[in-house]
Amino acid sequence: MPLLQFDIIEGRSEEEVKTLLDTAHKVVLEAFSVPERDRYQIVHENKAWQMVFQDTGLGFERSEKFVMLRVFTSPRSDEQKQFFMKRLAEELRTVCGIEGNDLMISFISNNKGDWSFGYGEAQYMTGTL
């Protein structure tokens with residue numbers, strides 16, 4: 001159950017954001033083999049001056065198309081994470097015109113007992129899921 005939280009610079013159209021989310025979900029399905037309706041995404045739009053993301057000395061620049069993505073998920077293998085990062089970069093470049101220098105991804109692992117999908121029940125722990 002990955003939860004994807006996007007921070008972007010304000011100014012994209014509704015269609016651009018929808019395409020970004022649809023593209024990311026396609027890659028989630030491919031990388032993590034989750035059910036189609038296992039889709040949880042949040043977008044935060046920020047003013048450009050509210051987002052400072054440099055390159056940690058790697059020597060590239062960011063543009064107004066920058067996307068910061070946090071992936072909250074149960075533990076995933078290094079191979080799954082690397083596959084996800086590479087495929088997402090490829091798909092966002094092809095589908096959304098977002099270059100690799102404008103994509104930053106951070107994984108935040110948690111356990112199945114850390115989730116409640118509703119009613120205050122920890123469905124993974126109770127066996128509902």
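Just so it is clear, the values below take in all heavy atoms, side chains as well, and ignore hydrogens, waters and symmetry mates. Treat the numbers as computed from the prediction; the structure is a model and nothing was measured.
The heavy-atom pair separating F72 from W115 by the smallest distance is O-CZ2, 4.1 Å. Taking both residues in full, the closest heavy atoms of C96 and T23 are given as SG-OG1, 4.0 Å, listed atom of the first, atom of the second, then distance. Closest approach of L29 to P35, counting heavy atoms only: CD2-O, 3.6 Å. Considering all non-hydrogen atoms of both residues, P2 and D38 come closest at CD-OD2, 4.3 Å. Of all heavy-atom pairs between L4 and A24, the closest is CD2-CB, 3.9 Å. Among all heavy-atom pairs drawn from Q41 and L3, the shortest one is N-CD1, 4.3 Å.
Sorted by first and then second residue, the salt bridge (Lys or Arg N to Asp or Glu O under 4.0 Å) pairs with a member in residues 91-117 read K26-E91, R87-E91; sequence neighbours excluded. Counting only residues at least two apart or on different chains, the salt bridge (Lys or Arg N to Asp or Glu O under 4.0 Å) pairs with a member in residues 40-67 are E10-K47. Sequence neighbours left out, the pairs with a member in residues 15-24 that pass salt bridge (Lys or Arg N to Asp or Glu O under 4.0 Å) are K18-D22, D22-R39. Applying the ring pair (Phe, Tyr, Trp, His ring centres under 6.0 Å) test to every pair with at least one member in residues 42-67, sequence neighbours left out, gives these pairs: F53-F66.
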Just distance, no hydrogens or angles: give the donor-acceptor pairs under 3.5 Å from side chains in residues 78-85, sequence neighbours left out.
residue	atom	partner	partner atom	Å
Q80	OE1	S77	N	3.1

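There is a path of hydrophobic side-chain contacts, each under 4.5 Å, that joins V28 to V17. I9 is not connected to V43 by any chain of hydrophobic side-chain contacts under 4.5 Å among Ile, Leu, Val, Met, Phe, Trp and Tyr, and they are in different clusters. Note on F6: it does not cluster hydrophobically with M104, by side-chain heavy-atom contacts below 4.5 Å among ILVMFWY residues. Linking Ile, Leu, Val, Met, Phe, Trp and Tyr residues whenever their side-chain heavy atoms come within less than 4.5 Å places M1 and I108 in a single cluster. When hydrophobic clusters are built by joining Ile, Leu, Val, Met, Phe, Trp and Tyr residues whose side-chain heavy atoms come closer than 4.5 Å, directly or via intermediates, V27 is grouped together with V71.
Taken from OH in Y40 to CD in Q5, the straight-line distance is 15.5 Å, to the nearest 0.5 Å. Atom OG of S63 and atom CD1 of I98 lie 8.5 Å apart (nearest 0.5 Å).
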**Trace of the side chain to side chain contact (heavy atoms under 4.5 Å, CB included) decision for F117 with L129** = CA-CA 10 Å; F117 296 90; L129 282 176; 3.4 Å; yes

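Remark: R76 qualifies as a cation-pi partner of F32 under the 6.0 Å distance and 45° angle criteria applied to the six-membered ring.
Taking the side chain as every heavy atom from C-beta outward, L20 and I8 approach each other to under 4.5 Å. At a threshold of 4.5 Å between non-hydrogen side-chain atoms, the residues S74 and N111 do not count as touching. Residues T19 and E14 form no side-chain contact, since every pair of their non-hydrogen atoms from C-beta on lies 4.5 Å or further apart.
Partner of L69 under the side-chain contact (heavy atoms from CB on, under 4.5 Å) criterion, chosen from L92, D7, L88: L88.
When the side-chain contact (heavy atoms from CB on, under 4.5 Å) test is applied to T128, the partners found at least two apart in sequence or on another chain are E121, Q123, T126.
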